Protein chains: 2
Amino acid sequence: MFTHSEENYLKTIYHLELDSEKGISTNAIAKQLETKASSVTDMVKKLSEKEVVIYKKYKGVTLTAFGKKTAANIVRKHRLWEVFLVEKLNFSWDEVHEVAEQLEHIKSPKLINQLDAFLSFPTHDPHGDPIPDKNGNLKTIEKSLLSTLQKNECGICVGVDDSSSEFLQFLDKKGIILGEKITVLEKEEFDDSLQISIQDKKLSISNKIANNLYIKKA
Amino acid sequence: MFTHSEENYLKTIYHLELDSEKGISTNAIAKQLETKASSVTDMVKKLSEKEVVIYKKYKGVTLTAFGKKTAANIVRKHRLWEVFLVEKLNFSWDEVHEVAEQLEHIKSPKLINQLDAFLSFPTHDPHGDPIPDKNGNLKTIEKSLLSTLQKNECGICVGVDDSSSEFLQFLDKKGIILGEKITVLEKEEFDDSLQISIQDKKLSISNKIANNLYIKKA
DNA sequence: ATAAATTTTTAGACTAACCTAAAAAATATA
DNA sequence: TATATTTTTTAGGTTAGTCTAAAAATTTAT
């Protein structure tokens with residue numbers, strides 16, 4: 001079994017591994033967890049003894065198969081709880097992260113299986129991120145940044161890259177909702193801003209926004 | 001804010017105070033928490049500094065008003081989660097305690113308020129124990145042990161004294177369910193066993209069982 | 001390729017929450 | 001009431017997880 005803290009390290013390494021290929025550096029982990037590199041070194045040694053990571057001094061860490069499965073399970077719990085909070089308890093998508101950070105550490109396989117069923121086996125969390133299955137496998141869909149669409153192309157809005165509450169609230173205000181179809185009406189060369197239509201509304205969004213929204217090409 | 005461990009101490013003191021009147025002894029707390037008296041002394045000093053208990057050396061502890069409210073809130077969370085597990089996730093009443101022990105430490109007022117509403121503001125947990133309200137107030141109903149009923153008297157089964165999974169599973173096996181009417185058909189002087197009827201079934205139960213079942217006199 | 005800068009590790013210290021063993025206080029008993 | 005027993009506290013130690021500061025290894029730049 002893993003402690004609260006060990007689980008946080010595993011989850012962080014898991015997320016960092018998803019976009020990096022190479023071993024994860026001590027500093028990268030420290031930055032993500034808002035802790036010191038020396039603390040990371042200590043913990044990484046312990047995780048290595050528990051056989052969830054491979055660690056060679058000065059070389060960073062990689063998850064073992066066991067570590068990956070363990071980490072995916074924590075992410076699975078996090079995302080299932082997020083769905084629960086939004087679907088059943090009327091949380092908005094910018095409020096769920098903190099609470100899910102706590103709930104993800106609850107240890108009870110039955111709880112998670114039943115929750116999964118209660119939620120009708122969701123495949124994605126409220127931000128569009130995929131929920132790992134019981135074996136820790138992620139089904140990654142081919143998604144692109146909205147900024148890659150050309151004029152007159154369209155796609156379904158499927159996720160966000162930045163899931164800070166500021167950004168999510170901004171999307172709420174603009175009326176940009178996951179699952180809706182977005183069409184690019186104009187693309188401004190000057191500042192890469194876009195004129196888009198969503199749900200029969202037209203709106204103009206900056207490149208920064210378009211770089212944080214994922215769409216599935218239709 | 002209180003740590004996991006501090007919350008467990010508060011909850012324990014709260015429960016012990018419910019049937020004792022006097023200050024709670026170091027040993028009583030240690031026994032309940034399966035820890036050592038010296039550990040209790042340490043923690044009790046810390047709780048006293050945080051103004052949730054009154055502590056005088058060698059005299060035991062009592063909760064302050066603030067401590068009582070804090071503790072009641074933990075109990076409230078525990079019992080609401082138990083209702084959730086039974087009502088929504090198909091746990092049986094003998095499986096919920098362990099998981100609720102973890103869930104009760106989740107910190108999010110909104111979560112608990114929404115959960116309360118989602119469950120339609122339940123007043124009792126699956127074992128018949130009352131759920132403290134938002135202000136930490138408990139509505140205690142007048143209940144009696146089944147063993148105090150005389151021949152031909154009856155009552156509604158409203159709770160259990162022993163909520164060990166062994167006892168709860170035993171009740172399941174016998175078909176004794178909270179909310180049902182129980183009538184005492186015979187009372188055996190020799191061993192204080194009872195012949196009762198519940199849901200049109202007749203069954204014989206020992207004094208030990210009758211001493212662990214609460215009924216509300218009709 | 002050597003020096004400078006950065007990253008990582010080590011060494012030593014701190015806090016929370018526990019422990020054991022011994023001392024002190026309270027309570028029970030003769 | 002004096003003594004024995006029990007309860008509680010104190011003193012000192014342990015472990016997990018963190019920290020700072022210094023040393024060592026690696027990487028970058030000249």
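Worth knowing before you read on, the calculation uses all heavy atoms, side chains too, and leaves out hydrogens, waters and symmetry mates. Every value quoted in this text rests on a predicted model; they were computed, and no experiment measured them. Below, chains carry the letters A, B, ... as their sequence lines are ordered, and counting in each starts from 1.
- Side chains of A:Leu47 and A:Val61 form no contact here, defined as non-hydrogen atoms less than 4.5 Å apart.
- Regarding contacts with the backbone of D:dT18, a side-chain N or O of A:Ser5 is found under 4.0 angstrom from either OP1 or OP2.
- If you take NZ of B:Lys31 and C1' of D:dT6, they are 15 Å apart, rounded to a whole angstrom.
- No option in A:Glu104, A:Glu17, A:Glu6 other than A:Glu104 meets the salt bridge (Lys or Arg N to Asp or Glu O under 4.0 Å) test with A:Lys11.
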Which protein N or O atoms sit under 3.5 Å from an N or O of nucleotides 9-11 of chain D?
residue : atom : partner : partner atom : Å
D:dT9   : OP1  : B:Tyr55 : OH           : 2.3
D:dT9   : OP1  : B:Tyr58 : N            : 2.9
D:dT9   : OP2  : B:Thr26 : OG1          : 2.9
D:dT9   : OP2  : B:Thr41 : OG1          : 2.9
D:dT9   : O5'  : B:Tyr55 : OH           : 3.4
D:dT10  : OP1  : B:Lys57 : NZ           : 2.2
D:dT10  : OP2  : B:Lys45 : NZ           : 2.4

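- Put simply, CD on A:Glu49 is 10 Å from P on D:dA16, counting in whole angstrom units.
- The side-chain tip of B:Lys110 points at the ring of A:Phe91 from less than 6.0 angstrom away and within 45° of straight on.
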Item to check | Criterion side chain to side chain donor-acceptor pair (under 3.5 Å) on A:His127 and A:Glu82, from CA distance to verdict | outcome: CA-CA 9 Å; A:His127 314 107; A:Glu82 286 194 342; 3.3 Å; yes
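- A heavy-atom distance below 4.5 Å is found between the side chains of A:Phe118 and A:Phe84.
- Here the P atom of nucleotide C:dT15 and the CE atom of B:Met43 are 16 Å apart, to the nearest Å.
- Side-chain N or O atoms of B:Lys68 include none that pairs as donor or acceptor with a backbone N or O of B:Gly136 at under 3.5 Å.
- In this entry the distance linking NZ of B:Lys36 with P of D:dT7 reads 15 Å, nearest Å.
- Between A:Tyr9 and D:dA16 there is no side-chain polar atom (N or O) within less than 4.0 angstrom of OP1 or OP2.
- Atom pair A:Lys50:NZ and D:dA16:C1' shows a separation of 11 Å (rounding to whole Å applied).
- In terms of phosphate contacts, A:Asn27 brings a side-chain nitrogen or oxygen within less than 4.0 Å of OP1 or OP2 of C:dT8.
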